[in-house]
Amino acid sequence: MAELDLVATVRVTPTAPFHFDGTLFKPDHFPSPDTTWEPGTRWQTMLWKGDALGLVIMDEGEPDHPALRVDIYATRPLDDESVDSLVAELRYRLNLDFDPDDFYLRFSRDPVLGPVLERWRGLRPAHTGSLYEYLMIGIVLQNTTVRRSIQMLRALLEAHGELLQFDGQRLWCFWPPGGLTSVSDDELRALKVGYRAKSIKRIDDAFAAEQVNEFQLRHCDGNEQRKALLALYGVGPATVVYVLTDVYHQWNALDHISPWEQKIYSRILFDTDPDDPVPVEQLLARIAQWVPYRALAVHYLWEDLWWQHTNTPLPWLTTLIRS
DNA sequence: CATCAGGGCCCTG
DNA sequence: CAGGGCCCTGAT
């Protein structure tokens, strides 16, 4: 375990309006041991340019005059350039330059979306991890229950990640892309990831061989990004939609609905019983009303639902996810 | 106890 | 383009 010291404090200004908790905590994401949250504060590990860092991101503003304080913990002092590049990366990953005006203008009077936009004014999608890390999470999500996904990610981190202690927290930091090249298939399977071991290995290989470049892909259009991601072994139509929105901020990327999501959309868009879901085609037709912000619209609805569920458990959702 | 599906994807025919 | 197989685990 590495004990980190506070090496820098920076103040970062997001665009207004900004909803801190709605952006920094996503109750629908399963708890992963690289992060923790309480209202107004998020703790997060981050591997950046070879340094395993601890970040404490704090709300020090108001929705209309937002400000974040970021305490950076590390094992060594960081030069200004490193800190600057880290802050720029956070601006990107957390969508701190997000401009929702057009989206809000179009849909503030939408009967379904309008009230949700009001409640969560300033919320934006955000993922603090890298593309590689997101893909690892995407793989452990596949074809299993949430409970096992949590177990698998924890096992992977405990075997190949690094435990960091900072600001009173102990959290795991991911291993670097290409960090599994010397790990055998059997070793991975021993972590009970099952046949996903193959996908994990092959994605790690692809990064080691520089077949994917997270940063170059940011300058490509959505179709090229989709193509590059689908070329990765283990990434299919469900995972690619998540990556395109959460990692590449494609606010219109939504052309696939998986069975468990179908049940939830049926309930929130048509108020039907999850056991008797609306056909996917019909759901997609409804969601098409929010073009060119299909993914963004759905993100707001989804987060609103899960926050409700977090505050007062919704029985139908509890039975559906049975985590 | 046995069987089965789960917050998919790949591969085959 | 439809369907079988895949690691494991908890639910039934």
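This one's a predicted model, so the numbers in the text were calculated from it and none came from an experiment. Throughout, protein chains are lettered first and strands after them, A, B, ... in sequence-line order, and every chain is numbered starting at 1.
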Measure [atom1]/[X] against [atom2]/[N] and give the value in whole Å, please.
X        : N      : atom1 : atom2 : result
A/Leu135 : B/dG8  : CG    : P     : 16 Å
A/Ile139 : B/dG7  : CD1   : C1'   : 13 Å
A/Leu156 : C/dC8  : CG    : C1'   : 14 Å
A/Ile321 : C/dA11 : CD1   : P     : 13 Å
A/Asp28  : B/dG7  : CG    : P     : 14 Å
A/Ile200 : B/dG8  : CD1   : C1'   : 14 Å
A/Asp186 : C/dC7  : CG    : P     : 11 Å
A/Met152 : C/dC7  : CE    : P     : 13 Å

Touch class at under 4.0 angstrom, heavy-atom based, for [X] against every strand present:
X        : answer
A/Gly194 : base
A/Ser149 : nothing
A/Phe30  : nothing
A/Ile264 : nothing

Is the closest side-chain heavy-atom distance between A/Thr144 and A/Gln142 below 4.5 Å?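 They are not in contact (no side-chain heavy atoms under 4.5 Å apart), so the answer is no.
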Pairwise side-chain contact, A/Ile150 with A/Val140, heavy-atom cut-off 4.5 Å (strictly under):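 Heavy-atom side-chain distance check fails, nothing below 4.5 Å.
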Quick check: on DNA chain B, is the nucleotide nearest A/Glu261 upstream (toward 5') of the one nearest A/Lys198, or the reverse? Name the residue that is more 5'.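 Mapping each residue to its closest nucleotide by heavy atoms, the 5'-most match is A/Glu261.
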Upstream residue (5' side of DNA chain B) when A/Trp306 and A/Arg202 are each assigned their closest nucleotide: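 That would be A/Trp306.
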Complement of B/dG7, any strand, by Watson-Crick or G-U distances under 3.5 angstrom: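 Partner of B/dG7: none.
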Of the listed nucleotides ([options]), which one gets closest to any side-chain atom of [X]?
X        : options              : answer
A/Asn143 : B/dG6, B/dC11, B/dG7 : B/dG6
A/Pro259 : B/dG7, B/dG6, B/dG8  : B/dG8
A/Pro237 : B/dC9, B/dG6, B/dG8  : B/dC9
A/Tyr233 : B/dG6, B/dG8, B/dC11 : B/dC11
A/Arg148 : B/dG7, B/dC9, C/dT9  : C/dT9

Within less than 4.0 Å of OP1 or OP2 of [N], is there a side-chain N or O belonging to [X]?
X        : N      : value
A/Ser199 : B/dC9  : no
A/Arg147 : C/dG10 : yes
A/Lys192 : C/dT9  : yes
A/Arg189 : C/dC7  : yes

For nucleotides [N] and [M], find the distance between their [atom1] atoms and express it as a whole number of Å.
N      : M      : atom1 : result
B/dC10 : C/dT9  : C1'   : 23 Å
C/dG10 : B/dC9  : C1'   : 23 Å
B/dG7  : C/dT12 : P     : 13 Å

Under 3.5 Å side-chain donor-acceptor pair for A/Glu261 and A/Ser258: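 Yes.
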Relative to each other, are the rings of A/Trp306 and A/Trp302 parallel, tilted or perpendicular (30° and 60° limits)?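 A/Trp306 vs A/Trp302 ring planes: tilted.
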Check whether A/Tyr92 forms a cation-pi arrangement with A/Arg218 (NZ or CZ under 6.0 Å from the six-membered ring centre, at most 45° off the ring normal).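 Yes, a cation-pi geometry.
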Counting only N and O atoms by type, is there a donor-acceptor contact under 3.5 Å from the side chain of A/Asp167 to the main-chain atoms of A/Gln169?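 Here the side-chain-to-backbone pair does not exist.
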Under the 3.5 Å rule, do the base of C/dC6 and the side chain of A/Arg196 count as making a donor-acceptor pair?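 When only heavy-atom distances are counted, A/Arg196 does not reach the base of C/dC6 through any donor-acceptor pair under 3.5 Å.
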Less than 3.5 Å between a donor and an acceptor, one on the side chain of A/Tyr195 and one on the base of B/dG8, is that the case here?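 It does, because a donor-acceptor pair links the side chain of A/Tyr195 to the base of B/dG8 below 3.5 Å.
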When you check the gap from the basic side-chain N to the acidic O, do A/Asp304 and A/Arg119 get nearer than 4.0 Å?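 Salt bridge: yes.
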